[in-house]
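A short worksheet on the structure shown next.
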Amino acid sequence: MAESKALTTRAADFSAWYNEVIARAELADYSPVRGCMVIRPNGYAIWEQMQQALDRMFKDTGHQNAYFPLFIPQSFLSREAEHVEGFAPETAVVTHGGGKELEEPLVVRPTSETIIYSMYAKWIQSYRDLPVLINQWANVVRWEMRTRLFLRTTEFLWQEGHTAHATEADAEAETRQMLGIYRRFAEEWMAMPVITGRKTESEKFAGALRTYAIEALMQDNRALQAGTSHNLGQNFARAFEVTYQTAEGSIDYVWNTSWGVSTRLIGGLIMTHSDDSGLVCPPRLAQWQVVIVPIHRTDEERTGVLEAAGRLLGELRAAGIRTHLDAREGMKPGAKYYEWEARGVPLRLEVGPRDVAASTVMLARRVGPKKESVPMSGLPARIHSEMAAMQDALLAAACERREAASLRGATREEFVERMQGVGGFVYAGFCGRASCEAEVKEHTKATIRVLPDEEFRSAEIPATCMWCGGASVAEAVWAKAY
RNA sequence: CGGGACGUAGCGCAGCCCGGUAGCGCACUGCAAUGGGGUUGCAGGGGUCGCGGGUUCAAAUCCCGCCGUCCCGACCA
């Protein structure tokens with residue numbers, strides 16, 4: 001009996017476990033449309049928390065939100081050679097409208113560079129118009145062959161920032177700044193440690209000069225690209241004639257950047273922290289940070305307990321803590337506990353007659369030490385410190401798991417063994433040749449996730465390429481990826 | 001597009017080999033007791049057995065065709 005209620009264990013079948021966590025927490029569901037996901041209220045609530053935090057960070061760095069069309073004339077995509085090559089195979093195309101065949105088919109945006117830069121061409125005349133710092137919250141469509149809830153769906157929600165600058169240095173600074181914001185968000189809000197770094201040519205965005213990314217390691221030791229920031233150079237400016245007059249009077253193309261994170265982050269959140277009881281959500285992103293479960297038998301107990309629980313609810317909410325009172329009748333407390341655990345609520349307060357009599361409350365944590373009786377007075381402060389501790393503990397635990405699954409300075413044999421076995425991040429010397437990178441992928445399925453930033457590099461960078469033995473030009477972080 | 005499996009109640013499945021009145025678990029509805037870690041009992045609602053054709057007195061079951069889904073590979077935030 002009991003076994004049938006336990007989740008598929010993580011180690012046994014990570015994929016089945018992942019789907020079960022999502023189902024139990026009621027985060028998302030498959031839709032009637034193949035490859036498209038329905039994000040249920042519980043899942044969307046996490047996205048809303050993410051949106052709020054990110055939006056604040058964007059606005060603090062001078063960005064504004066705007067909105068551009070869903071449809072893009074097919075010819076727009078073709079204007080940038082690399083871009084069309086990268087995205088054409090995975091677009092959905094509208095050929096009919098109003099009952100008639102369209103003169104020019106419309107692509108459902110896989111990303112919005114082309115439509116946005118066609119507008120920037122109109123908006124930008126002078127160096128005084130720069131920089132343009134715009135973000136859009138939108139949905140995009142990419143016709144992927146195989147899909148997976150949150151990680152790769154035909155349609156997904158994201159934000160895409162698109163900026164235009166007067167100089168290459170400004171664009172590069174913006175690209176790096178936004179990468180830094182993504183890193184901070186991942187660490188401080190999601191409690192998900194990431195490696196920042198640059199992508200190789202083969203992994204960079206179609207049409208970009210340089211792509212940077214944050215890469216996280218999931219509990220099954222596969223890597224997840226969690227956010228990207230691209231320096232587009234003048235590639236799109238040339239394609240869309242986005243020019244401006246400099247202070248000196250000459251005409252120049254602008255320098256663009258684009259950067260984005262998507263609902264994929266929710267998948268990353270799940271695969272980073274959750275356990276065999278279901279979702280584990282870091283307090284800062286939780287829809288409900290605290291849920292109060294009242295316990296009572298008689299009507300008399302019920303009145304007293306609900307009165308106390310209601311008072312606590314008010315106090316916690318007044319202290320800015322997202323609190324829910326689960327006063328559902330006809331459901332045993334134990335059943336509620338399991339439900340809220342599966343949904344990832346960080347803290348649970350159990351309020352029963354004995355607690356009311358003693359002016360205490362039972363505090364149960366989603367992770368860490370289990371239950372503890374605490375005084376009702378001063379509860380909001382206690383909850384705040386509990387949440388802060390949990391947020392830190394989750395990040396620390398994730399860092400620890402990542403380090404345990406990281407291997408530095410591996411030989412070719414050790415590398416192959418790792419990739420065929422436990423997986424994880426392998427730091428190794430890289431000769432910089434695309435052919436070498438491709439050969440590794442063919443043999444091991446592993447790819448270079450990033451050429452890590454200085455802060456993440458090994459103290460001693462290997463002198464030779466792990467694979468071919470040639471001179472190494474950089475250190476690479478390899479992994480099998482989602 | 002190549003290789004494999006499956007399609008029976010909202011979900012998960014049994015029944016098919018060997019044809020004979022549509023079943024189980026979960027979920028749902030009602031009543032009662034229960035209630036500090038997934039309660040129990042009783043009663044109840046819900047199904048064109050993927051679609052079309054064939055064989056037969058009789059098809060979820062056998063035969064033929066079609067459609068769809070999932071898994072493995074090529075694609076990928």
Side-chain angles (χ1 to χ4, degrees), chain A residues 1-7 13 15-16 19-20 23-24 26 29-35 85-91 109-112 138-148 150-160 182 199 202-206 208 211 213-216 223-230 258-268 277-278 293-299 301-302 305 328-342 348-358 360-364 370-371 373 441-442 445 447 449 481-482:
Chain A
M1 282 297 149
E3 299 93 86
S4 69
K5 286 181 176 176
L7 260 69
D13 185 347
S15 174
N19 286 329
E20 251 180 276
R24 293 273 186 97
E26 299 184 340
D29 214 340
Y30 291 105
S31 79
V33 183
R34 189 193 167 279
E85 202 184 310
F87 284 105
E90 55 184 65
T91 52
R109 62 181 167 216
T111 178
S112 304
N139 56 339
V140 290
V141 166
R142 296 182 187 176
W143 214 263
E144 303 291 355
M145 303 280 176
R146 295 184 64 199
T147 59
R148 199 164 151 71
F150 289 115
L151 298 185
R152 188 170 304 100
T153 46
T154 300
E155 179 187 1
F156 57 93
L157 304 184
W158 76 347
Q159 64 62 217
E160 46 179 328
Y182 288 156
K199 288 282 181 182
S202 68
E203 296 272 331
K204 77 166 195 192
F205 178 75
T211 289
I214 54 171
E215 289 281 334
L224 184 76
Q225 177 173 310
T228 48
S229 185
H230 317 290
S258 68
W259 27 274
V261 294
S262 72
T263 39
R264 169 177 258 204
L265 289 177
I266 299 173
S277 302
V293 179
I295 299 159
H296 49 75
R297 263 170 270 202
T298 63
D299 278 353
E301 283 177 354
R302 185 169 168 276
V305 162
R328 283 176 293 179
E329 299 284 343
M331 192 174 180
K332 282 177 80 173
K336 292 181 182 178
Y337 300 165
Y338 278 90
E339 189 175 304
W340 292 113
E341 272 164 19
R348 182 179 69 236
L349 296 177
E350 305 167 13
V351 184
R354 297 207 291 269
D355 301 297
V356 175
T360 61
V361 59
M362 196 63 84
L363 170 72
K370 246 199 147 197
K371 272 196 201 182
S373 182
K441 185 174 182 181
E442 198 177 316
K445 308 267 183 192
T447 51
R449 303 321 305 153
Y482 276 103

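Lettering follows sequence order; numbering is per chain, from 1. Scope of the values below: all heavy atoms of this structure, side chains included, with no hydrogens, waters or symmetry mates.
Closest to the side chain of A/Met145, from the set B/A74, B/A77, B/G38, is B/A74. Side chain of A/Arg348, nearest nucleotide from B/A74, B/A77, B/G37: B/G37.
A distance of 9.5 Å separates OG1 of A/Thr360 from CZ of A/Arg354, quoted to the nearest 0.5 Å. Going from atom CZ of A/Phe156 over to atom OG1 of A/Thr263 covers 7.0 Å, rounded to the nearest 0.5 Å.
Here the separation of B/U29 from B/G4, taken at their P atoms, is 45 Å to the nearest Å. Atom P of B/A43 sits at a distance of 13 Å from the matching atom of B/C24, rounded to the whole Å. The C1' atoms of B/C51 and B/G7 are separated by 11 Å, rounded to the nearest whole Å. For the P atoms, the distance linking B/C28 with B/G65 amounts to 44 Å, nearest Å. Atom C1' of B/C64 sits at a distance of 39 Å from the matching atom of B/A27, rounded to the whole Å. Nucleotides B/G46 and B/C26 place their C1' atoms 14 Å apart, quoted to the nearest Å. Separating the P atom of B/U69 from that of B/C75 is a span of 22 Å, rounded to the nearest Å. For B/G30 and B/G45, the C1' atoms lie 10 Å apart once the distance is rounded to whole Å.
The CZ atom of A/Arg109 sits 18 Å away from the P atom of B/A77 (whole-angstrom rounding). When rounded to the nearest whole Å, the span between OH of A/Tyr338 and P of B/U39 equals 9 Å. In this entry the distance linking CD1 of A/Ile295 with C1' of B/U39 reads 15 Å, nearest Å. Distance NE2 (A/His296) to P (B/G36): 11 Å, rounded to an integer number of Å. With rounding to whole Å, A/Glu26 atom CD is found 15 Å from B/C11 atom P. Taking atom CZ on A/Arg354 and atom P on B/G35, their separation rounds to 13 Å, with Å as the unit. Per the geometry, CG belonging to A/Asp299 stands 12 Å off P belonging to B/A33, to the nearest Å. Distance, A/Arg24 CZ to B/A27 P: 12 Å, rounded to whole Å.
Base pairing of B/C1: its partner is B/G73, meeting the Watson-Crick or G-U wobble criterion (both donor-acceptor distances under 3.5 Å). Figure legend. B/A58 is base-paired to no nucleotide; pairs are counted as Watson-Crick or G-U wobble with both atom distances under 3.5 Å. Across all strands shown, B/G23 pairs with B/C13; the Watson-Crick or G-U wobble distances both stay below 3.5 Å. Partner assigned to B/G50 is B/C66, using Watson-Crick or G-U wobble distances below 3.5 angstrom. Pairing for B/C18 is absent, with no Watson-Crick or G-U wobble pair whose two atom distances lie under 3.5 Å. B/A32 is paired with B/U40 under the criterion used here, namely a Watson-Crick or G-U wobble arrangement in which both key atom distances are under 3.5 Å.
The phosphate of B/G37 (OP1 or OP2) has no side-chain N or O of A/Lys371 nearer than 4.0 angstrom. For A/Lys445 and B/A74, the shortest distance from a side-chain N or O to OP1 or OP2 is below 4.0 Å.
Looking at heavy-atom distances under 4.0 Å, A/Glu341 makes contact with a base. Residue-level contact check: A/Thr153 touches the bases, meaning some heavy atom is under 4.0 Å from a base atom. Nucleic acid contact for A/Pro89: none, since no nucleic acid atom lies under 4.0 Å from a heavy atom of the residue. Heavy atoms of A/Gly260 sit nowhere under 4.0 angstrom from any nucleic acid atom. A/Thr228 comes within 4.0 angstrom of no nucleic acid atom, judged by non-hydrogen atoms across all strands. Looking at heavy-atom distances under 4.0 Å, A/Gly267 makes no contact with the nucleic acid at all. Among the protein residues, A/Leu151 comes within range of the nucleic acid bases, having at least one heavy atom under 4.0 Å from a base atom. A/Gln225 comes within 4.0 angstrom of sugar-phosphate atoms only, judged by non-hydrogen atoms across all strands, and of no base.
Using a 3.5 Å distance cut-off with no hydrogens or angles, the side chains of A/Thr447 and A/Arg449 do pair a donor with an acceptor. Looking at A/Ser112 and A/Glu160, their side chains do bring a donor and an acceptor atom within 3.5 Å of each other.
At distances below 3.5 Å, not a single donor-acceptor pair connects side-chain atoms of A/Arg302 with backbone N or O atoms of A/His296.
Here the rule is side chain to side chain donor-acceptor pair (under 3.5 Å) with A/Thr211, and of A/Lys199, A/His230, A/Glu203 only A/His230 fits it.
Evaluation of atom-type donor-acceptor distances gives no pair under 3.5 Å for the side chain of A/Glu339 against the base of B/G37.
Nearest-nucleotide assignment on RNA chain B puts the 5′-proximal partner with A/Pro333, out of A/Pro333 and A/Glu144. Between A/Ala335 and A/Trp143, the residue whose closest nucleotide on RNA chain B is further toward the 5' end is A/Ala335.
Per the stacking criterion (ring centres < 5.5 Å, plane angle < 30°), A/Tyr337 does not stack onto the base of B/G37. By the stacking rule of 5.5 Å between ring centres and under 30° between planes, A/Phe156 stacks on the base of B/A77.
Salt bridge status for A/Glu350 with A/Lys336: absent, with no side-chain N to carboxylate O gap under 4.0 Å.
Annotation: cation-pi geometry satisfied between A/Arg348 and A/Tyr337 (NZ/CZ under 6.0 angstrom from ring centroid, within 45° of ring axis).
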